[in-house]
Amino acid sequence: MSDNMPILVTGAAGNVGSVGRGVVKLLREHDLPVRALVHKLDERSQVISEMGAEIVAADLTNGEDVVRALRGCKRMYFGMSISSSYLQATTITAAAKEIPDFEILVNISQMTVSQMSLTEMTESPQQQQHWLAERVLNWSGVPVSHVRSTIFLEPFFSSLAASSIAKDGTIRMPFGSAKISPISASDVARVISTILEDPTDHLGKVYELTGPRSEDMNEIAKEFEMALNRPVKYVDTPYDKWLKEELSPLSLPQYVFRHISTMAKLIAENRYDRLTLDVQKLTGRPSMSIQEYVIAHPEIFSTAAVTR
C-alpha cells in the first residue's frame, strides 16, 4: 500500500462499542494514514481529527457519498451503528469492488451469524441484516474478511451493570445460568487494525472473537467484585420484568430495543456460550477479562468502586 493512500474507517465517531474510533487510534499510532467517515461534524469527530485522521462527513446509504469517501483508498473497515438501513449501507459499500487493485474490506459482523441460515434466523432484524450483509459482500467479489464478535462488554456489562451495582451492589439480568464470553470493543479494534495493517493472509477469512473465558453470571459478578473491591451479586431477573424495569426506561428506538431484547433471550438460551482464541492468534495478546475491563474504565465504574 502506498504511504499516501488512506485507510477508510467508517463509524469512526460511533457510540456503542466505539470500534471505529479504536481502529482509527491504533492505525494512527502506527503512523498509517486514515480517512475517518463520520455521519456529522461534532465534538466526537473533532476528537478523531485530533488523532491525525482526515475527516469525511458522509451518509453510508448515499452512493455518491460512499464513492467520494472511498476515492484513493485501497483498504477499508466497514462498521455501522444498529440501523434498519444496515443492509442498504453494506450493499453500497460493495462499490469498493470497482476500485482497481482494492486490497481488503474488513466487515464487522456478529457471532450469531455462524448459527444462522435462511431457515434459521433470530427475531432480531439487525442480526438478520448482518447475515445477509456477509452474503452480499461475498457475492460482490470485493476482497473481504469478516470479523464476527460475540456480545460486547458495552452496554450489558458496562452502563447497565454499573448503574445497578452503584445502586445496590447487584447485576440484574435475565440470563439464568447461561454462560457468555463478552468482549471489549478495544480487543475487536485490535484485531481489525491488525488485518488492515497487513491484509495478505486474511482475504476470505472469517474470525470469531470472544472474551478469554465463558462464564455464568455468578462468575461474572465475582469478576466485578474483585475489580471493585466490594460485594457484587447477580440477581436473575425474569425476562418480562427486566424489559419493563431495566430496558424500557432507556427509551431506546424500537429497532434497537428489539435487537437488544433478542440478544438477551439468546444469551439465556446459551447461544453465546462460545470461546475462541482468535484475538490472541491475530494480535499476540489475549482478549481482556471483565475484571481487567472494569479496572481499566474507572470513568464508568467509579461510583460503584470503593477507594483502594
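Since the model is a prediction, treat every value here as computed from it, not as a measurement.
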List the steps and the verdict of side chain to side chain contact (heavy atoms under 4.5 Å, CB included) for Leu8 and Leu37.
-> CA-CA 7 Å; Leu8 181 62; Leu37 190 152; 4.2 Å; yes

Contact summary for [X] and [Y], nearest pair of heavy atoms:
{"X": "Ala12", "Y": "Val38", "answer": "CB-CG1, 4.3 Å"}
{"X": "Glu215", "Y": "Ile290", "answer": "OE1-CD1, 4.2 Å"}
{"X": "Val188", "Y": "Ser149", "answer": "CG2-CB, 4.1 Å"}
{"X": "Ala69", "Y": "Val56", "answer": "CB-CG1, 4.3 Å"}
{"X": "Gln128", "Y": "Thr122", "answer": "NE2-O, 2.8 Å"}
{"X": "Ser145", "Y": "Ile195", "answer": "OG-CD1, 4.1 Å"}

For [Y], is there an ion pair with [X] - N to carboxylate O distance below 4.0 angstrom?
{"X": "Arg274", "Y": "Glu208", "result": "yes"}
{"X": "Lys74", "Y": "Glu103", "result": "no"}
{"X": "Lys265", "Y": "Glu123", "result": "yes"}
{"X": "Glu225", "Y": "Lys222", "result": "yes"}
{"X": "Arg148", "Y": "Glu134", "result": "yes"}

Trace of the salt bridge (charged side-chain N to carboxylate O under 4.0 Å, His left out) decision for Glu29 with Lys25 | CA-CA 6 Å; Glu29 286 176 354; Lys25 181 176 183 292; 2.6 Å; yes

Intermediate values then yes/no, side chain to side chain contact (heavy atoms under 4.5 Å, CB included), His130 and Thr90 = CA-CA 9 Å; His130 272 285; Thr90 306; over 6 Å; no

Got a donor-acceptor contact below 3.5 angstrom from the [X] side chain to the [Y] backbone?
{"X": "Glu292", "Y": "Ser289", "value": "yes"}
{"X": "Asp236", "Y": "Gly176", "value": "yes"}
{"X": "Ser164", "Y": "Thr170", "value": "yes"}
{"X": "Tyr207", "Y": "His202", "value": "no"}
{"X": "Glu223", "Y": "Gln291", "value": "yes"}
{"X": "Ser18", "Y": "Arg21", "value": "no"}
{"X": "Ser287", "Y": "Thr210", "value": "yes"}
{"X": "Asp240", "Y": "Leu243", "value": "no"}
{"X": "Arg28", "Y": "Met51", "value": "yes"}
{"X": "Thr237", "Y": "Arg172", "value": "no"}

Answer yes if the side chains of [X] and [Y] hold a donor-acceptor pair under 3.5 Å, and no otherwise.
{"X": "Ser186", "Y": "Ser184", "result": "yes"}
{"X": "Thr283", "Y": "Arg190", "result": "yes"}
{"X": "Ser214", "Y": "Asp273", "result": "yes"}
{"X": "Arg271", "Y": "Gln115", "result": "yes"}
{"X": "His146", "Y": "Ser109", "result": "no"}

Look at the side-chain heavy atoms of Ile, Leu, Val, Met, Phe, Trp and Tyr, link any pair under 4.5 Å apart, and say whether [X] and [Y] land in one connected group.
{"X": "Phe224", "Y": "Ile300", "value": "yes"}
{"X": "Leu105", "Y": "Leu132", "value": "no"}
{"X": "Val136", "Y": "Val66", "value": "no"}
{"X": "Leu70", "Y": "Val34", "value": "yes"}
{"X": "Ile108", "Y": "Leu203", "value": "yes"}

How far apart are the C-alpha atoms of Met263 and Ile151, what are their side-chain angles, what is the distance that settles it, and do they pass the side chain to side chain contact (heavy atoms under 4.5 Å, CB included) test?
-> CA-CA 8 Å; Met263 290 179 74; Ile151 189 170; 3.5 Å; yes

Quick check on the 6.0 Å ring-centre criterion: do [X] and [Y] meet it?
{"X": "His297", "Y": "Tyr293", "value": "yes"}
{"X": "Tyr86", "Y": "Phe78", "value": "yes"}
{"X": "Tyr234", "Y": "Phe175", "value": "no"}

Decide if atom [atom1] of [X] counts as having more than 12 heavy atoms of other residues, nucleotides or ligands within a radius under 6.0 Å.
{"X": "Glu64", "atom1": "CD", "value": "no"}
{"X": "Glu43", "atom1": "CD", "value": "no"}
{"X": "Asp101", "atom1": "CG", "value": "no"}

Take Ile171 and Met173 through the test side chain to side chain contact (heavy atoms under 4.5 Å, CB included) and record every step on the way to the result.
-> CA-CA 6 Å; Ile171 302 176; Met173 299 287 179; 3.9 Å; yes

Among Leu209, Ile183, Thr112, Leu275, find the residue that satisfies the side-chain contact (heavy atoms from CB on, under 4.5 Å) test when tested with Thr150.
-> Ile183

Approximate separation, where rounding is to 0.5 Å, of Ile7 CD1 and Ile104 CD1 | 10.5 Å

NZ or CZ of Arg135 within 45° of Trp131 ring axis and under 6.0 Å = yes

